[in-house]
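In what follows, a single structure is set out as structure tokens and then discussed.
As the structure is a computational prediction, the values presented were derived from the model and not from experiment.
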Amino acid sequence: MVAILGYSRRQIFAAVREMYTAVAASPDDHFHFPVGRSAASAIGYPSEQLDRLPATAANAFAGVGYPFSGGAIRPGDTTLDIGAGAGNDALIAAQLTGDAGHVIALDLTRGMTRRIHAAVREAGVANVSVMEASAERLPLADETVDSITSNGALNLVPDKRRAVAEMFRVLRPGGRLQIADVVIRRPVTVDCSDDPRLWVECVVGATVDEDLLALFRDAGFEDIHIVRSLDYFAHSPSAQTREIAASFGAHAVELAMQRGERPPGALWHWARRLNPVRGVKSLWRRGVVGVASLGLALLTCYGTLAALGMLAAMGAGVGVNEGLWAALIALFTALTVAAIAPGIRYHRNAAPVVVATAGALVVCYALFVHYTMAVELAGFLALAVGVGWDMLLRRRAQARVLGVQGASGAR
């Protein structure tokens with residue numbers, strides 16, 4: 001991926017660097033995400049681990065979960081910490097690997113790598129080295145790492161598929177990965193994701209939860225499982241950020257997995273990416289399935305009528321099972337209502353579903369109780385109003401979120 005909706009990786013990275021340089025320089029300032037030891041404690045870090053961290057690291061903590069719940073790091077490991085931040089996880093990993101192991105703390109931001117150097121000196125550890133680099137281009141040779149840990153970094157990477165492939169490349173076969181990251185339940189639209197400043201708002205760069213798991217499967221990782229899900233944004237000091245996160249169903253997950261023996265072949269890889277089931281799920285989340293189901297209902301009803309009329313005009317008589325025909329129309333109207341029902345979670349308005357349900361019932365009344373075309377058309381009109389209303393409310397909710405984000409400024 002060379003650019004994201006007109007913005008280059010360089011612009012996205014510049015926005016991320018600016019934000020986390022501010023965290024590194026002044027962690028006590030106001031940010032829209034939780035920062036510091038209290039934030040680490042709130043999302044699950046044991047107090048005994050935090051007590052062993054120097055203030056230089058703990059004060060600038062900005063993770064989104066507790067990746068060590070994945071249990072990936074073993075004594076003697078060569079461990080890579082991607083998006084190491086102020087060095088909290090790198091220092092904890094150094095304790096877990098022991099003197100026989102080694103930890104590579106990698107971060108994109110120079111201000112953070114300076115903090116890591118200072119924290120390493122303050123902690124007096126000798127088995128941590130520091131690198132300034134991007135997750136998309138890991139400066140390590142193939143199969144040189146035993147385990148990887150990452151905390152709140154992948155959601156800030158523009159090309160996530162490339163970053164995941166890089167993780168696979170540097171891990172040894174059977175190597176282990178633990179990660180805490182932000183995911184969403186509803187995809188971000190173009191309007192929200194085309195501004196690089198908004199990528200530092202965590203939600204904008206996040207991946208739909210199912211799609212994130214699929215990214216790792218596609219790369220060749222195995223035994224992928226969610227260790228824990230948590231409402232990370234509940235700890236945000238900003239009511240606006242909490243509202244934005246809730247509108248997208250944003251939350252944090254802690255994942256654990258291991259590297260397979262070899263990456264999947266190109267044919268297998270593309271077969272998975274082009275899997276129609278994944279495409280349908282994506283359309284369902286976007287509300288497009290409601291429009292498609294309504295279209296199928298109308299096509300089944302009036303398209304069949306038109307086809308029968310044309311055949312009759314041509315002198316061809318075709319019999320139709322009216323019961324089956326009516327059942328198919330009813331099925332597609334029911335699917336239309338089911339497809340827009342999840343919209344309530346996004347815009348918190350049940351009215352479109354109520355209108356669509358009423359329309360579906362009217363259509364079914366015309367089909368199975370007493371048919372008149374006027375009643376049937378009225379039912380389809382109500383169904384269309386419900387679908388259109390749902391899509392309008394989804395767009396308005398996203399536009400409102402975008403407006404809140406744009407007004408919130410840097411966090």
Side-chain angles (χ1 to χ4, degrees), residues 9-10 12-25 27 53-54 56-58 60-64 67-68 72-74 76-172 175-181 200 205 219 259:
R9 288 200 300 270
R10 182 177 299 177
I12 301 294
F13 287 148
V16 173
R17 282 192 179 102
E18 181 181 359
M19 174 54 58
Y20 289 95
T21 295
V23 175
L53 296 176
T56 303
F61 173 84
V64 302
F68 297 96
I73 301 174
R74 312 281 170 80
D77 272 2
T78 296
T79 299
L80 172 64
D81 182 3
I82 298 177
N88 293 272
D89 287 0
L91 292 173
I92 293 174
Q95 298 166 10
L96 295 174
T97 63
D99 294 337
H102 180 71
V103 177
I104 303 165
L106 181 144
D107 200 89
L108 181 70
T109 307
R110 182 161 300 176
M112 283 300 189
T113 57
R114 288 172 179 166
R115 264 200 177 260
I116 301 172
H117 280 296
V120 168
R121 288 194 300 269
E122 190 176 341
V125 298
N127 61 337
V128 176
S129 59
V130 183
M131 290 184 176
E132 182 182 336
S134 162
E136 294 181 3
R137 296 180 182 274
L138 298 176
L140 299 171
D142 296 356
E143 301 182 3
T144 53
V145 171
D146 298 299
S147 54
I148 292 177
T149 186
S150 182
N151 194 346
L154 190 58
N155 72 89
L156 299 173
V157 177
D159 194 342
K160 294 172 177 53
R161 190 171 297 278
R162 182 171 181 173
V164 171
E166 281 288 273
M167 295 179 195
F168 187 94
R169 179 183 66 80
V170 302
L171 271 172
R172 295 188 175 97
R176 301 164 302 280
L177 169 62
Q178 61 183 34
I179 181 173
D181 216 85
V200 301
R259 182 196 190 274

Polar side-chain atom of Arg259 near backbone of Gly175 as donor-acceptor pair, under 3.5 Å: no
Can Phe61 and Leu53 be said to form a side chain to side chain contact (heavy atoms under 4.5 Å, CB included), step by step? CA-CA 11 Å; Phe61 173 84; Leu53 296 176; over 6 Å; no
Any donor-acceptor N/O pair, Arg17 side chain to Leu108 backbone, under 3.5 Å: yes
Working note: Tyr20 + Asp107, criterion side chain to side chain contact (heavy atoms under 4.5 Å, CB included); need CA distance, chi angles, decisive distance, verdict. CA-CA 10 Å; Tyr20 289 95; Asp107 200 89; 5.8 Å; no
Could you check whether atom CZ of Arg110 has more than 12 heavy atoms from other residues, nucleotides or ligands sitting under 6.0 Å from it? no
Separation between CD1 of Ile82 and CE of Met131, rounded to the nearest 0.5 Å: 11.5 Å
Salt bridge check: are Arg176 and Asp77 linked by an N-O gap of less than 4.0 Å? yes
Do Asp146 side-chain atoms and Thr78 backbone N/O form a donor-acceptor pair below 3.5 Å? yes
Closest approach of Ala84 to Ile116 (non-hydrogen atoms, all atoms of both residues): CB-CD1, 3.7 Å
For Ala72 and Ser147, work out which heavy atoms get closest and say how close. O-CB, 3.6 Å
Can you give me the closest heavy-atom contact between Leu106 and Pro139, atom names plus distance? CD1-CD, 3.6 Å
One should read off an interatomic distance between Thr113 OG1 and Glu132 CD, to the nearest 0.5 angstrom, of 4.5 Å
Does any donor atom in the side chain of Thr109 or Thr21 lie under 3.5 Å from an acceptor atom in the other side chain? no
Can you tell me how far OG1 of Thr149 sits from CG of Asp89, rounded to the nearest 0.5 angstrom? 5.0 Å
Euclidean distance, Ile73 CD1 relative to Leu177 CG, rounded to 0.5 Å: 10.0 Å
Minimal non-hydrogen separation, Asp142 against Arg169, with atom names: OD1-NH1, 2.7 Å
Determine, stepwise, if the pair Met112 / Val23 fulfils side chain to side chain contact (heavy atoms under 4.5 Å, CB included). CA-CA 8 Å; Met112 283 300 189; Val23 175; 3.7 Å; yes
Please report the C-alpha distance between Leu80 and Thr144 in whole Å, then the side-chain angles of each, then the deciding distance to 0.1 Å, and finally whether the side chain to side chain contact (heavy atoms under 4.5 Å, CB included) criterion is met. CA-CA 10 Å; Leu80 172 64; Thr144 53; over 6 Å; no
Just verifying a value: how many Å separate Leu140 CG and Glu166 CD, rounded to the nearest 0.5 Å? 9.0 Å
Are the side chain of Asp181 and the backbone N or O of Asn155 linked by a donor-acceptor pair below 3.5 Å? yes
If you count heavy atoms of other groups shown closer than 6.0 angstrom to CD of Gln95, is the number above 12? yes
Side-chain donor or acceptor of Asn127 paired with backbone N/O of Gly98 under 3.5 Å: yes
Rounded distance (nearest 0.5 Å) linking atom CZ of Arg74 with atom OG1 of Thr97: 13.0 Å
Using modelled atom types and a 3.5 Å cut-off, is there a donor and acceptor pairing between side-chain atoms of Glu136 and backbone atoms of Asp159? yes
Nearest heavy-atom pair of Ser150 and Pro67: which atoms, and what distance? O-CB, 3.8 Å
Between the side chain of Arg162 and the main-chain N/O of Arg137, is any donor-acceptor distance below 3.5 Å? no
When you measure from the side chain of Arg115 to the backbone N and O of Gly87, does any donor-acceptor pair fall under 3.5 Å? no
Shortest non-hydrogen separation from Ala105 to Ala90 and the atoms involved: CB-CB, 3.8 Å
